[in-house]
Amino acid sequence: MGGNLERALCLMSTSLAQVISRPHEIGALRSRLRTHAQGMLLRMRGNTVSADPATVRTFHILVDLFEFFDAFAAQQYSTALEMIQRSELIPLTLSQVEEKVAKFKKLDERITRNIPDILYATMTMIYAQFKKLKDEETLPGLSTDEANKKRQFLKERGRALTSFSGSIPFRIPGDINRKLVQMEIHMH
């Protein structure tokens, strides 16, 4: 890191932000960035970090998002949804929408530019869970009432994502917005 941790974190964050949502497209570059980012995390762990806390926080969030997209690409949906819930970047209930919109306004641009892909991946996983519940007539260990409650829970998550995407001061690309709305509609 050459004694200039702030600069190294900024450069690594910029690089990560460009590749995190495309695990299968980038290949070797993405792999090298992952290795370097993990090395930086190891060197920072347990040491006093002499960098702006916002820069460090952005770096950590981007590394976490890297893992989120890897889990999504591997179809480890439960793991990925737990990760995105822990990140607290997007709402998963309607009651969280306003809070997350306010938080969005304070996020670094390297994170916000990835929000459309985060929303799409999250909605895709929620929709896959909903479809699985809907397609299976009888679920082992779940009564009809419990299955209906679970579907309602997933519908609310989908509604929260589309509400958030329409509320943030960021232009979500039309194709992603259309897909988000379509998946939400298919859950009704």
Heavy-atom donor-acceptor pair, Ser163 side chain to Ala160 backbone, under 3.5 Å:
no
Side-chain donor or acceptor of Glu184 paired with backbone N/O of Thr162 under 3.5 Å:
no
Report yes if the side chains of Phe59 and Leu41 come closer than 4.5 Å at any heavy-atom pair, otherwise no.
yes
Are any of the side-chain heavy atoms of Leu89 and Lys100 separated by less than 4.5 Å?
no
Main-chain N/O of Ser21 paired with Asn114 side-chain donor or acceptor, under 3.5 Å
no
With a 3.5 Å distance limit and no angle check, can you tell me whether Thr122 reaches the backbone of Ile118 through a side-chain donor-acceptor pair?
yes
So, Lys150 and Glu146, do they make that salt bridge, N to O below 4.0 Å?
no
Note, Met44 side chain near Leu9 side chain (heavy atom, < 4.5 Å):
yes
Kindly assign one of parallel, tilted or perpendicular to the pair Tyr77 and Phe72, based on the angle between their ring planes and the thresholds 30° and 60°.
parallel
Can you confirm whether Arg30 sits close enough to Phe66 that some side-chain heavy atom of one is under 4.5 Å from a side-chain heavy atom of the other?
yes
Could you state the interatomic distance from CZ (Arg178) to CD1 (Ile185), rounded to the nearest 0.5 Å?
11.5 Å
Any luck finding a side-chain donor-acceptor pair between Lys149 and Gln152 under 3.5 Å?
no
Check: Leu154 main-chain N/O paired with Gln129 side-chain donor or acceptor under 3.5 Å:
no
Check whether any side-chain heavy atom of Glu82 lies under 4.5 Å from a side-chain heavy atom of Thr79, and answer yes or no.
no
Keeping Ser13 on the side-chain end and Cys10 on the backbone end, is there a donor-acceptor pair under 3.5 Å?
no
